[in-house]
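The structure appears right after this line, and notes come after that.
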There are 4 protein chains.
Amino acid sequence: MRAKSSSGELTVTEQARRAQIVGAAIRTVAELDYASTSFKRIAERAGLSSTGLISYHFAGKQELVDEVFREVLAVFGRFVLERMNLGGSAAGELRAFLLANVEFMRLHPDHLPALVRLREHVTVGDGADSDHVALAALLREGQRLGEFREFDVDVMALFIMALRNGIVVRAAVVDLEVCGAELVEVVERATKEG
Amino acid sequence: MRAKSSSGELTVTEQARRAQIVGAAIRTVAELDYASTSFKRIAERAGLSSTGLISYHFAGKQELVDEVFREVLAVFGRFVLERMNLGGSAAGELRAFLLANVEFMRLHPDHLPALVRLREHVTVGDGADSDHVALAALLREGQRLGEFREFDVDVMALFIMALRNGIVVRAAVVDLEVCGAELVEVVERATKEG
Amino acid sequence: MRAKSSSGELTVTEQARRAQIVGAAIRTVAELDYASTSFKRIAERAGLSSTGLISYHFAGKQELVDEVFREVLAVFGRFVLERMNLGGSAAGELRAFLLANVEFMRLHPDHLPALVRLREHVTVGDGADSDHVALAALLREGQRLGEFREFDVDVMALFIMALRNGIVVRAAVVDLEVCGAELVEVVERATKEG
Amino acid sequence: MRAKSSSGELTVTEQARRAQIVGAAIRTVAELDYASTSFKRIAERAGLSSTGLISYHFAGKQELVDEVFREVLAVFGRFVLERMNLGGSAAGELRAFLLANVEFMRLHPDHLPALVRLREHVTVGDGADSDHVALAALLREGQRLGEFREFDVDVMALFIMALRNGIVVRAAVVDLEVCGAELVEVVERATKEG
DNA sequence: CATGAATGAGGATTCATTCAT
DNA sequence: TATGAATGAATCCTCATTCAT
């Protein structure tokens, strides 16, 4: 009856259903794009008998979209973090970040497409740019350490995310292996001193 | 329903109306994103008194979308071509291409956003990748001339377009001047020998 | 396509359709009460093939409800005014007002029930209390002329409208003739000096 | 679905739950009007965690509505009766009835609004008019005793209840003290001989 | 008894499209 | 050609009700 109980806790069943719906929504958005993503389509993919069930578990389409976005971002964030926290050089971290991205595309082919397609329709505010901010910080650190040349870190972060997104959008028709290797090379050339 | 006369030709009036509608559609998509672009919204921006007129001039929403895409691509293509055909080196051509893109964003702030947003909803199949193909050819030529290092030209073309699109999507909140300069720098570093 | 053209004018056809829908809405509300009044029910009574047509002519349910209320109030206001402007005494005006109300119920059996049932759901703000205000003014004038005894004019106006509404709600099961005569008698006793 | 046990009796727990739900329903209807009164809203006000519980204790929305109506009527009836059975004159009884109504509004501000709003949606048939019948009987008795003038007792009863309901509907924005005094005065003038 | 998850009908509204004028 | 009225499918959402636990 409620999207969230008054205490903010969710029952196990509810968590499971929400996860099921979110998963179906991710697949739907990845396959059909936001414009064609309706509750009906999501319900079909989730095997639900009624779109009413989605409304039962989520306060509205916007909450679902935000939740999907948050979930994808969380999964992605954990995945990347596991592959980065080696300490070491900024350049190494950046390289790890890029390779993690490519690996993530392989393992979760629907997540990043959903992320990219939902970005404009999300009301989260914060998480949307968290990637960008963290990346810019890393770049700035690299500059401080003398590993990276001078450049506008925000612009460079934008570029790196743009390259990543470019691969995401074309992931279906592209050789991820080749793309990944070239991505690392290009970003290294773009950032390194000299 | 009309779309084209039985002989396949369009009258001057028809062409004018179609152009008016296409122009309004470009503005609408750029401002509202594809998901919120309806005939009603387009008609408002075009100063049309009926959405029926759009259906009259275009066989359907898909034809309109395709036409918009084709038109933007054509305008963009002419613009870029004028700034590139100086002959000269591949690197020079590539640089001219990039600068033309940035200049185009400044002069036609709605066109590339519309292009990017419509790409996934277009059924042209052909023109969608014409940019990519031409760019890949230029890169291959540069490799043949020894100006560019060895890389997968398709991947690199994808990257360059991704960088361009990254700027397009954030054009509203970004300093085009800075972005343009950095774009040239990054692409040069990404492609040049050594 | 629009509820109102940009110049605020309505075409003849549109006026006719709106009137048809408003009429059907009046009948529906009078018969079914607001809670059961849906676009579907209104469309049935209006002989429309689609509820979409109602949305086409009215910006929303609220606009329709407001328009219905305004229309009933206007018809009622004209009707009453025609029977009151004889000049003369305040008591005479009051009596004419009451008789006009009863006569109106006979001629327009759906209008006042709709008015009463819609009052709480209307966002008009002004017209809702115009009856009350005019009546209170008349009562005050009667007091000034010494025709009426001293009483709180707002409370008395409330009472008179309450008596009227009481008849309206039971109009179907009550003898209007008897009610009307008794209404005049009761109000006269309630207001007159002594 | 439960509604009543097979033997027709209700357990203490059942009675308590039903009373809790009925109380919340009264508040909900008084605050939100019938059209906006849903099981969800009632459950919120009752502190229930599920609308299912309402369906469990009442055979359907109609039974709940009828029960609410019956309950309000019973409470009101007892309250009024306590203040009337002094024997004495019909005029005195009538006056006591009116004052009891006003006092009831003060002590139970939600009950009469709920009663008025639910009247049209109730299927009891019986109790709905019990007020009216009793009041008409009192009026007839007063006529027999020569205390009241000649009038149609049903119409007069309708009028008196209409005045009462008029106050109820505006109770929030009106001075109950003033209204009460004027109500007694007006009804006395309306009914007394001469 | 109580819970909360689930259901499917029905709500208003928007949409692309059709058609008479 | 152009208009605007009309259509019906599809949208998200709310509702009372059912049911397994």
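Excluded from the calculations below are hydrogen atoms, water molecules and symmetry mates; all remaining heavy atoms, backbone and side chain alike, are included. Note that the structure is predicted; figures quoted are calculated from it, not measured. To find a chain, count down the sequence lines: A is the first, B the second, and so on, and within it residues start at 1.
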Check: Hey, can you pull the residues of residues 36-45 of chain A with a non-hydrogen atom under 4.0 angstrom from DNA chain F?
Finding: A:Thr37, A:Ser38, A:Phe39, A:Lys40

Note to self: If the condition is side-chain contact (heavy atoms from CB on, under 4.5 Å), which residues does A:Thr123 pass it with, not counting sequence neighbours?
What the structure shows: A:Gln62, A:Asp66

Check: Could you give the angle between the helix axes at the two ends of the helix from E:dA2-F:dT21 to E:dT21-F:dA2, with five pairs per end, rounded to 10 degrees?
Finding: 10°

Next item on the list: Just do the side-chain contact (heavy atoms from CB on, under 4.5 Å) check on B:Phe69 and B:Arg119 with the steps written out, would you?
Entry: CA-CA 8 Å; B:Phe69 192 79; B:Arg119 170 156 293 157; 4.3 Å; yes

Check: Mapping A:Leu48 and C:Ser55 to their closest nucleotides on DNA chain E, which lands nearer the 5' end?
Finding: A:Leu48

Item checked: Distance, rounded to the nearest Å, where C:Ile54 contributes CD1 and E:dT13 contributes C1' -> 11 Å

Notebook entry, point to check: Who are the salt bridge (Lys or Arg N to Asp or Glu O under 4.0 Å) partners of D:Glu67, not counting sequence neighbours?
Noted result: D:Arg18, D:Arg70

Next item on the list: May I ask you to list the residues of residues 23-34 of chain A, by number, that have any heavy atom positioned under 4.0 Å from an atom of DNA chain E?
Entry: none

Checklist line | From F:dT17, F:dG4, E:dA12, nucleotide with atom closest to B:Ser49 side chain | finding: F:dG4

Note to self: Of the listed nucleotides (E:dA2, F:dC13, F:dA5), which one gets closest to any side-chain atom of D:Thr13?
What the structure shows: E:dA2

Margin query: Which residues pass the side-chain contact (heavy atoms from CB on, under 4.5 Å) test with D:Thr11, not counting sequence neighbours?
Written below: D:Thr13, D:Glu14

Next item on the list: Taking salt bridge (Lys or Arg N to Asp or Glu O under 4.0 Å) as the test, write out the residues that go with B:Asp33, two or more places apart.
Entry: B:Arg117

Next item on the list: Determine whether any donor atom in the side chain of A:Tyr56 lies under 3.5 Å from an acceptor atom in the base of E:dA6, or the reverse, and answer yes or no.
Entry: no

Note to self: Let's go through A:Phe58 and A:Val68 carefully: what are the C-alpha distance in whole Å and the side-chain angles of both, what is the deciding distance for side-chain contact (heavy atoms from CB on, under 4.5 Å) to 0.1 Å, and is it a yes or a no?
What the structure shows: CA-CA 11 Å; A:Phe58 294 89; A:Val68 166; over 6 Å; no

Next item on the list: For E:dC1, take OP1 and OP2 only and decide whether either is under 4.0 Å from a side-chain N or O of D:His57.
Entry: no

Next item on the list: Output the distance between atom CD (B:Gln20) and atom CD (B:Gln15), rounded to the nearest 0.5 Å.
Entry: 14.0 Å

Notebook entry, point to check: Within the pair D:Arg17 and E:dC1, is there a side-chain N or O less than 4.0 Å away from OP1 or OP2?
Noted result: no

Next item on the list: Go through E:dT14, E:dC1, E:dA5 for me and flag the one nearest to the D:Ser50 side chain.
Entry: E:dA5

Note to self: Holding to side-chain contact (heavy atoms from CB on, under 4.5 Å), I want the full list of residues that pass it with A:His111, two or more places apart in sequence or in another chain.
What the structure shows: A:Ile26, A:Val72, A:Val75, A:Phe104, A:His108

Note to self: So if I take every side-chain heavy atom of C:Thr51 and compare against E:dC1, F:dT1, E:dT13, which nucleotide ends up nearest?
What the structure shows: E:dT13

Checklist line | Residue whose closest nucleotide on DNA chain F lies nearer the 5' end, D:Lys61 versus C:Leu53 | finding: C:Leu53

N/O donor-acceptor pairs under 3.5 Å from side chains in residues 39-48 of chain A, not counting sequence neighbours:
{"residue": "A:Arg41", "atom": "NH1", "partner": "A:Ser36", "partner atom": "O", "Å": "2.7"}
{"residue": "A:Arg45", "atom": "NE", "partner": "A:Glu31", "partner atom": "OE1", "Å": "3.3"}
{"residue": "A:Arg45", "atom": "NH1", "partner": "A:Arg41", "partner atom": "O", "Å": "3.3"}
{"residue": "A:Arg45", "atom": "NH2", "partner": "A:Glu31", "partner atom": "OE1", "Å": "3.2"}
{"residue": "A:Arg45", "atom": "NH2", "partner": "A:Glu31", "partner atom": "OE2", "Å": "3.2"}

Notebook entry, point to check: For D:Thr11 and E:dC1, is the shortest distance between a side-chain N/O and OP1 or OP2 below 4.0 Å?
Noted result: yes

